[in-house]
Undergrad: 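Mind looking over this structure? Questions follow.
Atoms considered below: every heavy atom in the structure, side chains included; atoms not considered: hydrogens, waters and symmetry mates.
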Amino acid sequence: MGKRVALVLAGCGVFDGSEIHEASAALVHLSRGGAEVVKIFAPNIEQRDVVNHLKGSPTEEKRNVLVESARLARGNIQDLAELKADEFDAVIFPGGFGVAKNLCSWAVDGKNCSVNEHVNSTLQAFHSAKKPIGLCCISPVLAAKVFPGCEVTVGQDKNVDGRFPDAETASAIAELGCKHICKNVNESHVDKANKIVTTCAFMCKAPLHEIFDGIGTMVQEVLKLA
């Protein structure tokens, strides 16, 4: 039987929700990896902001994270409050600014951020059950905040060749008492002790296929651990 994996979204769109390419890549690799059931969840909360993705600027609109995430889930989605870790073998969080705005307050507060209560309880439940957690792009900061001492990657800790413009995130992770592991975009890191698998995805300026492949390594490692 295939592994049962939950996917947690943060809206729809890179600047105020989940990064669409990352969410799609995770779903494709899960399907290819034979995951038996993939259920999608999102918190039923208002977005921190709504961004006009054509102009790259915020608007006065109000949108709901669960409703927007339903666009990516093709309508097949549930409130994150309903997720029960005992029904799944693993959980995966794609990235996007919505993670740093809606799932936690990293976009505003950095390492002093707070984590949404249902996101926190979901992470704690899978961790306590020794079930793997996959995170990509900016979402590894969730693990860094919730699990001090864990190991994660968001790519490189220096802006190598201008490809890692958000490299300072690695320093913030270290300041939280976690270990940042430098990895290339097509690689992932496995924290075996905590069963946390991370990859940098769009934290690196790279061709889309390399980001897709990196997410594939993360999904493969998650399924191995499940």
Undergrad: Are any of the side-chain heavy atoms of Q47 and K101 separated by less than 4.5 Å?
TA: no
Undergrad: For R163, which residues count as a salt bridge (Lys or Arg N to Asp or Glu O under 4.0 Å) partner, sequence neighbours excluded?
TA: none
Undergrad: To the nearest 0.5 angstrom, please state how far the CG atom of D213 sits from the CD atom of Q220.
TA: 9.0 Å
Undergrad: Does one side chain, of D109 or N112, offer a donor that lies under 3.5 Å from an acceptor on the other?
TA: no
Undergrad: Under 3.5 Å, side chain of K195 to main-chain N/O of K130, donor-acceptor pair present?
TA: yes
Undergrad: Please list, chain by chain and in numerical order, all residues satisfying side-chain contact (heavy atoms from CB on, under 4.5 Å) with S171, sequence neighbours excluded.
TA: none
Undergrad: Where do C178 and A144 come nearest, in terms of heavy atoms and distance?
TA: SG-O, 3.4 Å
Undergrad: How about H180 and V154: do any of their side-chain heavy atoms sit closer than 4.5 Å?
TA: yes
Undergrad: Show which side-chain atoms of residues 20-27 pair as donor or acceptor with protein atoms under 3.5 Å away, not counting sequence neighbours.
TA:
from : atom 1 : to   : atom 2 : distance (Å)
E22  : OE1    : G95  : N      : 2.7
E22  : OE2    : F202 : N      : 3.4

Undergrad: Any heavy-atom pair between the side chains of V5 and I92 that's under 4.5 Å?
TA: yes
Undergrad: Does atom CZ (R71) have a neighbourhood of more than 12 heavy atoms from anything else shown, all under 6.0 Å?
TA: no
Undergrad: D89 and salt bridge (Lys or Arg N to Asp or Glu O under 4.0 Å): which partner among K3, R4, K39?
TA: R4
Undergrad: Sub-3.5 Å donor-acceptor pair from the side chain of D166 to the main-chain atoms of M203, do we have one?
TA: no
Undergrad: Are the side chain of N64 and the backbone N or O of V67 linked by a donor-acceptor pair below 3.5 Å?
TA: yes
Undergrad: Can you find a pair of side-chain heavy atoms, one from V197 and one from L225, that are under 4.5 Å apart?
TA: yes
Undergrad: Check for a donor-acceptor pair, side chain of N116 on one end and backbone N or O of V119 on the other, with a separation under 3.5 Å.
TA: yes
Undergrad: Could you tell me whether the side chain of N194 and the main chain of I196 form a donor-acceptor pair under 3.5 Å?
TA: no
Undergrad: Can V50 be reached from I45 by stepping across I, L, V, M, F, W or Y side chains whose heavy atoms are under 4.5 Å apart?
TA: no
Undergrad: Would you name the heavy atoms of A201 and C136 that are closest together and state the gap between them?
TA: CB-CB, 4.3 Å
Undergrad: For the backbone of N186 and the side chain of N184, can you confirm whether one donor and one acceptor N or O come within less than 3.5 Å of each other?
TA: no
Undergrad: According to salt bridge (Lys or Arg N to Asp or Glu O under 4.0 Å), who are the partners of R63, at least two apart in sequence or on a separate chain?
TA: E61, E68
Undergrad: Which atoms form the tightest heavy-atom contact between V65 and A10, and what is the distance?
TA: CG1-C, 3.5 Å
Undergrad: Before giving the answer on side-chain contact (heavy atoms from CB on, under 4.5 Å), spell out for L80 and T122 the whole-Å C-alpha distance, their side-chain angles and the decisive distance to 0.1 Å.
TA: CA-CA 8 Å; L80 183 59; T122 295; 3.6 Å; yes
Undergrad: What I'd like to find out is whether the side chain of L123 reaches to under 4.5 Å of the side chain of F147, using heavy atoms alone.
TA: yes
Undergrad: Could you check whether any side-chain N or O of K131 sits under 3.5 Å from a backbone N or O of F88, counting only pairs where one atom can act as donor and the other as acceptor?
TA: yes
Undergrad: Can you list the steps and then say if I215 with H29 is a side-chain contact (heavy atoms from CB on, under 4.5 Å)?
TA: CA-CA 8 Å; I215 293 171; H29 286 297; 4.3 Å; yes
Undergrad: Can you give me the closest heavy-atom contact between A167 and D157, atom names plus distance?
TA: CB-C, 3.7 Å
Undergrad: Under a 4.5 Å cut-off applied to non-hydrogen side-chain atoms, are L30 and L223 in contact?
TA: yes
Undergrad: Side chain of S139, backbone of F93: donor and acceptor closer than 3.5 Å?
TA: yes
Undergrad: Find the distance between CZ (R48) and OG (S105) and round it off to the nearest 0.5 Å.
TA: 6.0 Å
Undergrad: Roughly how far apart are C113 SG and L103 CG, rounded to 0.5 Å?
TA: 10.5 Å
Undergrad: Establish whether L83 and V222 are linked, either directly or via other cluster members, by ILVMFWY side-chain heavy-atom contacts under 4.5 Å.
TA: no
Undergrad: Holding to salt bridge (Lys or Arg N to Asp or Glu O under 4.0 Å), I want the full list of residues that pass it with E221, two or more places apart in sequence or in another chain.
TA: K224
Undergrad: Indicate yes or no: at least one non-hydrogen side-chain atom of P165 is less than 4.5 angstrom from one of K205.
TA: yes
Undergrad: Quick check: are there more than 12 heavy atoms from other residues, nucleotides or ligands sitting under 6.0 Å from CG of D86?
TA: yes
Undergrad: Hey, does the side chain of S188 reach the backbone of T199 with a donor-acceptor pair shorter than 3.5 angstrom?
TA: no
Undergrad: Working to the nearest 0.5 angstrom, can you tell me the gap between D16 CG and D49 CG?
TA: 6.0 Å
Undergrad: Any idea which heavy atoms bring L66 and A42 closest together, and the distance?
TA: CD1-O, 3.6 Å
Undergrad: Return the OG to CD1 distance between S69 and I77, rounded to the nearest 0.5 Å.
TA: 4.5 Å
Undergrad: Flag yes if F15 and W106 sit in one hydrophobic cluster, no otherwise; membership is Ile, Leu, Val, Met, Phe, Trp, Tyr, and two members link when side-chain heavy atoms are under 4.5 Å apart.
TA: no
Undergrad: The criterion is salt bridge (Lys or Arg N to Asp or Glu O under 4.0 Å); which residues satisfy it with E175, sequence neighbours excluded?
TA: K111
Undergrad: Kindly indicate whether the side chain of L7, heavy atoms from C-beta on, has any atom under 4.5 Å from the side chain of L9.
TA: yes
Undergrad: Determine whether V152 and I211 fall in the same hydrophobic cluster, where Ile, Leu, Val, Met, Phe, Trp and Tyr are linked whenever their side-chain heavy atoms lie under 4.5 Å apart.
TA: no
Undergrad: Let me confirm one number: the CZ-CG distance from F41 to D79, rounded to the nearest 0.5 Å.
TA: 9.5 Å
Undergrad: Regarding E151 and H189, is there a side-chain donor-to-acceptor distance under 3.5 Å anywhere?
TA: yes
Undergrad: Given 3.5 Å as the limit, does a donor-acceptor pair link the side chain of N52 with the main chain of T59, or not?
TA: no
Undergrad: Pair F97, N102 - check side-chain contact (heavy atoms from CB on, under 4.5 Å), show working.
TA: CA-CA 8 Å; F97 278 102; N102 305 325; over 6 Å; no
Undergrad: Side-chain heavy atoms under 4.5 angstrom apart, residues restricted to Ile, Leu, Val, Met, Phe, Trp, Tyr: same cluster for L72 and M218?
TA: yes
